[in-house]
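First comes the structure, then the notes that go with it.
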Amino acid sequence: MAFKQEFVWGAATASYQVEGAAYEDGKGLNIWDIFCKEEGRIYEGQNGDAACDQYHLYKDDVKLMKELGIQAYRFSISWARIMPDGTGRTNQKGIDYYNHLIDELIANGIEPFITLYHWDLPYKLHERGGWLNPESPEWFYQYARVVAENFSDRTANYFTLNEPQCTVGLGYYTGEHAPGLKVGKKDFFSIFHNILKAHGRAVQALRAYAKQPVKIGMAPCGALYYPSTNSPEDIEAARRMNFHIQNPDVNECIWNIAFVCDPIYKGTYPKEVFTFFGDELPEITKEDMQLISQPLDFHGQNIYNAVEIRADANGNPKRVKRFDGFPKTAIQWPVTPECLYWAPKYLYERYQKPIYITENGMSSHDWPGLDGKIHDGARIDFMHRYLLELKKAADSRVDIAGYFVWSLLDNFEWAKGYSDRFGIVYVDYQTKERIPKDSAYFYRDIIKHNSW
């Protein structure tokens, strides 16, 4: 059986990971431009200055997408490219770039999906305190307004934030990502609350200034869990792990999916947040929660893997130890196709919003073969297994709206630099040549038949 007729098959990227042109045409600096220059931050001192050079090669990439039958492209806007200082003045050359990209996509029958924020905060705003500054939701409102005023006549679908858990958890708490800070608990919760308020203000700006009706969601990640068996006890234990914080550990809180989604869809943080961290929380007002829980049209979820859960004798969730030699990708992430059935099922059950899989894919050690082709059989097997599970979710009446493979291109993988390749299209970083991998043609055939 095929997916529903209106199902969207897409591919995704992020601005800093693919665009390059870091210092061209009036673009301002962002926190990754600076972070990557700090010694010891990035694998082998690499950076995204040139990346895949999509800024200059976007027409080639759109042509490739058309050849592969890709129906939608989820890309993020570089905030500093269109507003170099983060607020105030705009940069027309940056706006022109995204207008050209959007026009090229539409001319080739590809629907643009815009992500407002994929981690690259303008550096000028970082100097003003970044997301810790209580003014940050208003900065984001101004930015979202500029996006709506310039692009919404042709772009109807938006994601406000990509993985806010990574923005705050890795950027401000563990320091693994830009801006590389390690704040305490109080500041962590203040930053997270600010970024959720920023999401709400962006929704308001998009709805107020869009030139046509628009659809809006968010694209979080999160620690996910699936049941060991189909027994009611295991299913309930896995559900509990997905939506309840088990321990007073900030790291566990960061990755709990309800921590980011309950405020958005239910207008309140999970009760454990107040139980475990009440003394660390900022003032949270009724008005704040009304702002954060602005009505959304769909839910985006980035899904790569999950943890198997079994109920113990008392019904409490217990992690199942992975067997020796458990399959994993090149980036050392476990291969757990079940997550593309259970995660959408649990999320739809709780939040009742159509679901886009906004990222799914795998890192593999790919290189051109002697025949000049990229034979990534492991990725094909990965996609096949995961999409079978997604189809199973759709068949069980979960409203799956679409799927975006991560990623269209091999690209700059944040702190790991260019050491991991997630693309269905190979990129030679020296020449910028693109070579579709075997998985790209596998994906083309799935799209063509809306199944396999």
Side-chain angles (χ1 to χ4, degrees), residues 163 165 169 185 188-189 192 220-281 284 289 293 299 301-328 333-353 355 357 360 385-386 388-400:
E163 299 183 344
Q165 303 99 315
K185 292 180 183 179
F188 165 79
F189 284 108
F192 206 92
C221 56
L224 300 169
Y225 303 88
Y226 64 94
S228 185
T229 72
N230 285 325
S231 73
E233 295 80 9
D234 285 355
I235 291 172
E236 180 55 36
R239 181 184 291 111
R240 177 174 163 185
M241 284 295 292
N242 277 294
F243 300 115
H244 294 279
I245 301 165
Q246 306 296 313
N247 300 293
D249 182 340
V250 172
N251 283 299
E252 183 174 325
C253 187
I254 290 170
W255 305 112
N256 181 269
I257 192 64
F259 179 52
V260 65
C261 289
D262 275 15
I264 292 168
Y265 298 113
K266 293 179 172 292
T268 182
Y269 285 100
K271 62 181 181 181
E272 297 93 348
V273 173
F274 299 96
T275 301
F276 291 149
F277 309 105
D279 292 341
E280 314 292 343
L281 301 179
I284 298 173
M289 300 317 299
S293 59
H299 176 74
Q301 186 70 36
N302 296 351
I303 304 176
Y304 292 93
N305 55 73
V307 175
E308 183 179 348
I309 294 295
R310 179 177 295 142
D312 67 14
N314 297 315
N316 295 316
K318 181 180 179 181
R319 294 171 186 253
V320 176
K321 184 179 184 296
R322 295 188 176 113
F323 58 78
D324 293 347
F326 196 92
K328 59 185 179 180
W333 294 352
V335 178
T336 57
E338 300 90 341
C339 65
L340 224 53
Y341 170 73
W342 284 104
K345 187 176 179 69
Y346 284 133
L347 289 163
Y348 187 65
E349 172 188 86
R350 188 173 181 90
Y351 302 121
Q352 292 293 300
K353 292 293 181 183
I355 294 173
I357 307 303
N360 174 250
R385 291 174 187 269
Y386 275 67
L388 282 170
E389 294 293 326
L390 186 64
K391 183 60 174 60
K392 181 180 169 184
D395 288 343
S396 66
R397 298 187 178 180
V398 177
D399 188 353
I400 308 294

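- Note: I357 CD1 to I303 CD1 = 4.0 Å, rounded to the nearest 0.5 Å.
- Interatomic distance, Y348 OH to R397 CZ, rounded to the nearest 0.5 Å: 10.5 Å.
- Legend: residues meeting ring pair (Phe, Tyr, Trp, His ring centres under 6.0 Å) with F277, ordered by chain and number and at least two apart, are F189.
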**Q.** Derivation and outcome, side chain to side chain contact (heavy atoms under 4.5 Å, CB included), residues K391 and D395
**A.** CA-CA 6 Å; K391 183 60 174 60; D395 288 343; 2.4 Å; yes

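- Residue N305 comes nearest to Y386 through the heavy atom pair CA-OH, 4.3 Å, listed as atom of the first residue, atom of the second, then distance.
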Show me the side-chain donor-acceptor pairs of residues 313-322 shorter than 3.5 Å, one per line, residues at least two apart or across chains.
from : atom 1 : to   : atom 2 : distance (Å)
N316 : OD1    : R240 : NH1    : 3.1
R319 : NH2    : Y225 : OH     : 3.3
R322 : NH2    : A306 : O      : 3.0

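- Atom CD1 of residue I264 and atom CZ of residue F259 lie 11.0 Å apart, to the nearest 0.5 angstrom.
- The two atoms that bring Q301 and G222 nearest to each other are NE2-N, 4.3 Å, heavy atoms only.
- In this view, F276 satisfies the ring pair (Phe, Tyr, Trp, His ring centres under 6.0 Å) rule with no residue, not counting sequence neighbours.
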Hey, can you pull the donor-acceptor pairs under 3.5 Å for the side chains in residues 267-274, sequence neighbours left out?
from : atom 1 : to   : atom 2 : distance (Å)
Y269 : OH     : H193 : ND1    : 2.8
E272 : OE2    : H244 : ND1    : 2.9

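- Using a 4.5 Å cut-off on side-chain heavy atoms (C-beta onward), F243 and L347 make contact.
- Counting only residues at least two apart or in different chains, salt bridge (charged side-chain N to carboxylate O under 4.0 Å, His left out) contacts with residues 248-266 comprise D262-R350.
- Under the 4.5 Å side-chain criterion, counting only non-hydrogen atoms from C-beta, L224 is in contact with N242.
- By the 4.5 Å heavy-atom criterion applied to side chains, S231 and R310 are not counted as neighbours.
- With hydrogens and angles ignored, the 3.5 Å screen pairs a side-chain donor or acceptor of D234 with a backbone N or O of A311.
- For the atom pair CD of E338 and OG of S228, the computed distance is 9.5 Å after rounding to the nearest 0.5 Å.
- Considering all non-hydrogen atoms of both residues, F326 and V335 come closest at CE2-O, 3.6 Å.
- Residues Y226 and E308 meet the side-chain proximity criterion, which asks for heavy atoms closer than 4.5 Å.
- The structure places CD of Q165 at 10.0 Å from SG of C253, a figure rounded to the nearest 0.5 Å.
- Heavy atoms only, all atoms of each residue included: I257 and C221 are closest at CD1-O, 2.8 Å.
- K345 meets the side chain to side chain contact (heavy atoms under 4.5 Å, CB included) test with Y341, W342, S396, V398; sequence neighbours excluded.
- Here the shortest heavy-atom pairing between I235 and T229 reads CG1-O, 4.1 Å.
- If you take CG on N256 and CG on N247, they are separated by 11.0 Å, rounding to the nearest 0.5 Å.
- Shown here is D312, whose CG atom has more than 12 heavy atoms of other residues, nucleotides or ligands within 6.0 Å.
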